[in-house]
Amino acid sequence: MKKIYEKLYSYYGPQKWWPIIQKKPTKQQKISEIIIGTILTQNTSWKNVEKALNNLNKNHLLSFKNIKKTKTEKLARLIKSSGYYNQKADRLKLIADFYINNDLTKLSTEQLRNKLLTLKGVGNETADSILLYAFNRPIFVIDSYTKRIFSRMGFCNNNITYEELQNLFMQNLKKDIILFKEYHALLVKLAKEFCKNKPLCKKCIFSKSCKKLFK
DNA sequence: GGCCAGGCGGCCC
DNA sequence: GGGCCGCATGGC
């Protein structure tokens, strides 16, 4: 596990994920931008999400207080480029209310995770992304890329559950927040560049060690 | 033009 | 517990 990380890191370097839209954000602004980003990026390419985030930022809407005051229809219009915009607009409203009405900072990671999962629009990956990137809790984020890469490498089956794959990482790595953040981001990078749906194994940096070699 | 993107909820069985 | 569907834009 650690060796794969080190190889990725030495090849790609740090990924600088989140937050990226606002200049010199306060702590609150960082948290809201990250949480909003996790919702918008669900099954959507990051470029489309960036446009939506910039639109929100121009309208001072990377803020849960302001989202709460804004009509769903207006939000939907502004985030149109991120796809599923009606659903996502609804869910931004829900999470804004949730954030404003709850003091989340005192909860344990477990408690916070369970609370997040009660929200419509927040599943395993989104909850863990929020925990790790917005609240700096040591939890490893699994996504479809992670599963694809590690099943191809031979570490797991393709039908492994979210929890099982997450445990595999958590049990074999130090609980290091910086490491968890970078590792997930680096896996996304690898999946986009080499370990695609139609993989580019010959060029891939893991072509020698990976079990599944596609032509 | 088809496929895919940093998923999720609501169904159904 | 799994399998399928709707949600939707934009880039390649």
Any base atoms under 4.0 Å from A:Leu119, or only sugar-phosphate, or nothing? Heavy atoms, all strands.
sugar-phosphate
Calculate the interatomic distance between A:Gln42 atom CD and B:dA5 atom P; express it in whole Å.
15 Å
Can you name the residues that form a side chain to side chain contact (heavy atoms under 4.5 Å, CB included) with A:Ser10, not counting sequence neighbours?
none
Of residues 167-181 of chain A, the positions that come close to DNA chain C - non-hydrogen atoms, cut-off under 4.0 Å:
none
Check side chain to side chain contact (heavy atoms under 4.5 Å, CB included) between A:Lys2 and all other residues, then give those that pass, not counting sequence neighbours.
A:Tyr5, A:Glu6, A:Leu173, A:Leu179
Expressed as a whole number of Å, how far does the C1' atom of B:dC4 sit from that of C:dA8?
13 Å
Donor + acceptor pair across side chains of A:Gln29, A:Ser63 (<3.5 Å)
no
Side-chain N,O (A:Asn43) to OP1/OP2 (B:dA5) below 4.0 Å
no
Write out all pairs satisfying ring-ring contact (aromatic ring centres under 6.0 Å, His included) with one or both partners inside residues 72-122 of chain A, taking only residues at least two apart or from two chains.
A:Phe64-A:Tyr99
When the P atoms of C:dG10 and B:dC8 are compared, how many Å lie between them, rounded to an integer?
22 Å
Is any side-chain N or O of A:Ser144 closer than 4.0 Å to OP1 or OP2 of B:dG7?
yes
Whole-angstrom distance between C:dG2 and B:dG6, as gauged at atom C1'
24 Å
N/O donor-acceptor pair under 3.5 Å between A:Thr41 side chain and A:Thr38 backbone:
no
Is A:Trp46 stacked against the base of B:dA5, taking the criterion as centroid distance under 5.5 angstrom and interplanar angle under 30°?
no
Qualifying salt bridge (Lys or Arg N to Asp or Glu O under 4.0 Å) pairs, either residue in residues 48-57 of chain A, two or more places apart
none
Could you list, one pair per line, each protein nitrogen or oxygen that sits under 3.5 Å from a nitrogen or oxygen of nucleotides 10-12 of chain B, together with the distance?
from   : atom 1 : to       : atom 2 : distance (Å)
B:dG10 : OP1    : A:Lys120 : NZ     : 3.2

With distance as the sole criterion, is a donor-acceptor pair present between the side chains of A:Asn124 and A:Arg113 under 3.5 Å?
yes
Heteroatom pairs (N/O) under 3.5 angstrom, protein to nucleotides 3-6 of chain C:
none

A:Lys47: what forms a salt bridge (charged side-chain N to carboxylate O under 4.0 Å, His left out) with it, not counting sequence neighbours?
none
Figure out the CD1/C1' separation between A:Ile149 and B:dG6, and round it to whole Å.
11 Å
Can you run down the side-chain hydrogen bond (donor to acceptor under 3.5 Å, both in side chains) pairs that involve residues 161-176 of chain A, sequence neighbours left out, and say none if there aren't any?
A:Asp128-A:Tyr162, A:Asp128-A:Gln166, A:Thr161-A:Glu164
Counting any heavy atom closer than 4.0 Å, what does A:Asn159 reach on the DNA or RNA strands: base, sugar-phosphate only, or nothing?
nothing
Indicate yes or no for a side-chain donor-acceptor contact from A:Thr72 to the backbone of A:Asp90 under 3.5 Å, with no hydrogens or angles considered.
no
Determine whether a donor-acceptor pair (N or O, by modelled atom type, separation under 3.5 Å) exists between the side chain of A:Lys120 and the backbone of A:Leu94.
no
Relative to each other, are the rings of A:Phe155 and A:Phe150 parallel, tilted or perpendicular (30° and 60° limits)?
tilted
Under 3.5 Å, is there a donor-acceptor pair linking the side chains of A:Lys147 and A:Asn158?
no
Distance-minimising heavy-atom pair for A:Thr44 and A:Lys88:
OG1-NZ, 2.9 Å
Non-hydrogen side-chain atoms of A:Leu56 and A:Ile21 separated by less than 4.5 Å:
no
Listing request: all side-chain hydrogen bond (donor to acceptor under 3.5 Å, both in side chains) pairs with a residue in residues 180-196 of chain A, at least two apart in sequence or in separate chains.
A:Tyr12-A:Glu193, A:Asn136-A:Lys181
Atom-pair distance (CG on A:Leu200; P on B:dC4), nearest Å
14 Å
Between A:Leu40 (CG) and C:dA8 (P), how many Å, whole number?
13 Å
Centroid distance below 5.5 Å plus an interplanar angle below 30 degrees: do A:Tyr145 and B:dA5 meet both conditions?
no
What's the CZ-P distance between A:Arg148 and B:dG6, to the nearest Å?
9 Å
Set out, in order, the CA-CA distance, both residues' side-chain angles and the distance that settles side chain to side chain contact (heavy atoms under 4.5 Å, CB included) for A:Thr146 and A:Val188, then state yes or no.
CA-CA 8 Å; A:Thr146 313; A:Val188 172; over 6 Å; no
With a 4.5 Å cut-off on side-chain heavy-atom distances among I, L, V, M, F, W and Y, is there a chain of contacts connecting A:Leu117 to A:Ile39?
no
Send over the distance from A:Ile34 CD1 to B:dG6 C1', rounded to a whole Å.
14 Å
Candidates B:dG6, C:dA8, B:dA5 - which lies nearest the side chain of A:Asn197:
B:dA5
OP1 or OP2 of B:dG6 less than 4.0 angstrom from a side-chain nitrogen or oxygen of A:Thr146, does that happen here?
no
Nucleotide N/O to protein N/O under 3.5 Å, stretch nucleotides 9-12 of chain C:
from   : atom 1 : to      : atom 2 : distance (Å)
C:dT9  : OP1    : A:Tyr85 : OH     : 3.3
C:dT9  : O2     : A:Asn48 : ND2    : 3.1
C:dG10 : O4'    : A:Asn48 : OD1    : 3.2
C:dG10 : O4'    : A:Asn48 : ND2    : 3.0
C:dG11 : OP1    : A:Lys51 : NZ     : 2.8

Give one of base, sugar-phosphate or nothing for A:Val122, where a contact means two heavy atoms less than 4.0 Å apart.
sugar-phosphate
Protein-nucleotide distance (A:Ile130, atom CD1; B:dG6, atom P), rounded to Å
18 Å
Gap between atoms CG and P, on A:Asn124 and C:dG1 respectively (whole Å):
11 Å
The dot-bracket string of DNA chain B, counting Watson-Crick and G-U wobble pairs with both distances under 3.5 Å, using [ ] for crossing pairs and | for pairs to another strand, is .||||.|||||||
Of A:Lys198 and A:Ala127, whose closest DNA chain B nucleotide lies nearer the 5' terminus?
A:Lys198
